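Okay, structure first, notes after.
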Protein chains: 2
Amino acid sequence: MGSFGIRDLTREFGVTARTIRHYEEIGLLSPERRGQTRVYSPADFTRLKLILRGKRLGLSLEESRQIIQMYDPAAGNRPQLERLLARLREQRDALLARRRDLDAMLRELEGAEAGCLAALEQQARAARPAASTRKRSLR
Amino acid sequence: MGSFGIRDLTREFGVTARTIRHYEEIGLLSPERRGQTRVYSPADFTRLKLILRGKRLGLSLEESRQIIQMYDPAAGNRPQLERLLARLREQRDALLARRRDLDAMLRELEGAEAGCLAALEQQARAARPAASTRKRSLR
DNA sequence: CTTTACGTTGACGTTAACGTAAACTTTGAA
DNA sequence: TTCAAAGTTTACGTTAACGTCAACGTAAAG
């Protein structure tokens with residue numbers, strides 16, 4: 001019941017079946033098989049969601065794989081947990097740096113927007129006095 | 001004076017000369033020439049900075065080109081300004097969406113970090129009583 | 001005057017992330 | 001039963017963003 005065909009995933013996420021199979025080829029998904037056809041679980045569903053979000057953020061599939069691996073830890077021993085913790089913090093810091101870039105770009109865009117609005121205002125002021133002069137300008 | 005050789009740019013930004021020439025091939029940069037060699041202005045410098053920031057955010061070079069174009073507006077007429085304004089807002093909204101994705105991923109990573117710390121704590125608690133039992137466990 | 005460093009222009013190679021086409025099977029509905 | 005829809009594998013094609021290599025120019029330093 002909680003299982004989907006490949007077509008369901010394409011509709012849900014707006015990607016092609018080829019894309020989904022590609023993710024399987026490189027080991028990002030591993031759905032079960034009913035006979036020959038793929039059957040996706042809610043877990044696969046979630047993984048795909050993570051992958052696509054990674055893409056929207058400009059991550060490579062390899063980078064997304066790294067991140068996803070950190071979520072099913074197979075709860076290791078002490079040194080493994082510490083390595084995992086270190087990598088989690090690395091990724092977090094990388095994302096925080098990304099967010100600083102993003103915010104900088106946002107501020108610039110908003111600055112440009114303000115400049116643009118000012119220019120439109122400027123045009124409006126230039127046009128308004130002309131309203132009382134329009135007929136004169138026709139002479 | 002306020003001009004750089006290609007080597008300066010590679011050192012400043014950590015990219016290869018090939019990369020910088022590539023950006024010129026596709027029209028993202030257009031440095032002047034002293035004879036045959038390229039001479040970069042502070043404006044080129046800034047453009048390159050924008051391009052590379054775009055890359056860090058996962059933008060394609062084409063997307064960066066769109067954004068950069070919005071910054072040197074050639075202060076157009078009324079309908080041009082309005083189109084520009086609309087595109088600025090589109091880009092802004094796209095970036096805001098990106099930031100929501102990014103924040104979601106950050107929250108998940110921090111959740112995983114917390115879980116990881118909890119697991120380490122768990123191990124510590126399991127190990128501490130064993131300290132008084134260690135010799136017994138050697139029997 | 002030759003070496004060293006930096007510059008140039010082709011032009012072909014490479015990697016990631018799929019697209020696309022061919023040839024085939026399976027399955028539920030008319 | 002036949003047809004249409006959805007599935008499969010295999011394999012070659014494509015695009016972006018450079019890497020890499022060859023062959024060459026120029027200019028200051030030893």
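Per chain, numbering begins at 1; letters A, B, ... match sequence-line order. Bear in mind that the values here come from a model prediction, so they are computed numbers and not experimental data.
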- Message: Less than 4.0 angstrom between a side-chain N/O of A/R34 and OP1 or OP2 of C/dT27, yes or no?
- Response: no
- Task: Scan B/R21 against the nucleic acid and name what it touches under 4.0 Å (heavy atoms): base, sugar-phosphate only, or nothing.
- Result: base
- Write down the distance between CD (B/E62) and C1' (D/dT15), rounded to a whole number of angstrom. 12 Å
- Message: Taking 4.0 Å as the cut-off, does a side-chain nitrogen or oxygen of A/R38 come that near to OP1 or OP2 on D/dT8?
- Response: yes
- Query: Got a salt bridge between A/K49 and B/E108, using NZ or NE/NH1/NH2 to carboxylate O under 4.0 Å?
  - Reply: no
- Residue met sooner reading DNA chain C from 5', once B/D8 and B/E25 are mapped to nucleotides: B/D8
- Message: Tell me whether B/E121 is salt-bridged to B/R125, with the criterion being a basic N under 4.0 Å from an acidic carboxylate O.
- Response: yes
- Message: At 4.0 Å (heavy atoms only), tell me whether A/L61 reaches a base, stays on the sugar-phosphate, or touches nothing.
- Response: sugar-phosphate
- The reported gap from CZ in A/R47 to CZ in A/R65 (rounded to nearest 0.5 angstrom) is 9.0 Å
- Item | Atom-pair distance (CD on A/E24; P on C/dC18), nearest Å | 15 Å
- Message: What is the distance, to the nearest angstrom, from the CD atom on A/E32 to the P atom on D/dG7?
- Response: 17 Å
- Query: Could you state the CD1-C1' distance from A/I51 to C/dA16, rounded to the nearest angstrom?
  - Reply: 15 Å
- Nearest whole angstrom, please: distance from the P of C/dT15 to the CD1 of A/I26. 15 Å
- Item | Contact under 4.0 Å: B/T16 side-chain N or O vs D/dC18 OP1/OP2 | no
- Query: Given atom CD1 of B/I20 and atom C1' of D/dA17, what is their separation to the nearest angstrom?
  - Reply: 14 Å
- Message: It should be established whether A/Y23 places a side-chain nitrogen or oxygen under 4.0 Å from OP1 or OP2 of nucleotide C/dA17.
- Response: no
- Query: Can A/D8 and A/F13 be said to form a side-chain contact (heavy atoms from CB on, under 4.5 Å), step by step?
  - Reply: CA-CA 9 Å; A/D8 299 325; A/F13 292 110; over 6 Å; no
- Report yes if at least one side-chain N or O of B/K55 is closer than 4.0 Å to OP1 or OP2 of D/dA17; otherwise report no. no
- Query: For A/I6, which contact category applies under a 4.0 Å heavy-atom criterion: base, sugar-phosphate, or nothing?
  - Reply: sugar-phosphate
- Going from CG on A/L117 to CG on B/L84, what distance comes out if it is rounded to the nearest 0.5 angstrom? 10.0 Å
- Task: Please state how far atom CZ in B/R33 lies from atom P in D/dT26, giving the value in whole angstrom units.
- Result: 15 Å
- Message: Among D/dT9, C/dG7, C/dC18, which nucleotide has an atom closest to any side-chain atom of A/H22?
- Response: C/dC18
- Is any side-chain nitrogen or oxygen of B/T19 closer than 4.0 Å to OP1 or OP2 of D/dA17? no
- What is the distance from OH of B/Y40 to P of C/dC6, rounded to the nearest Å? 16 Å
- Query: Between B/S60 and B/R18, who's closer to the 5' end of DNA chain D by nearest nucleotide?
  - Reply: B/S60
- State plainly whether the residues A/R21 and A/E25 are in salt-bridge range, i.e. N to O under 4.0 Å. no
- Which listed nucleotide (D/dG7, C/dG7, C/dT9) is nearest to the side chain of A/R7? D/dG7
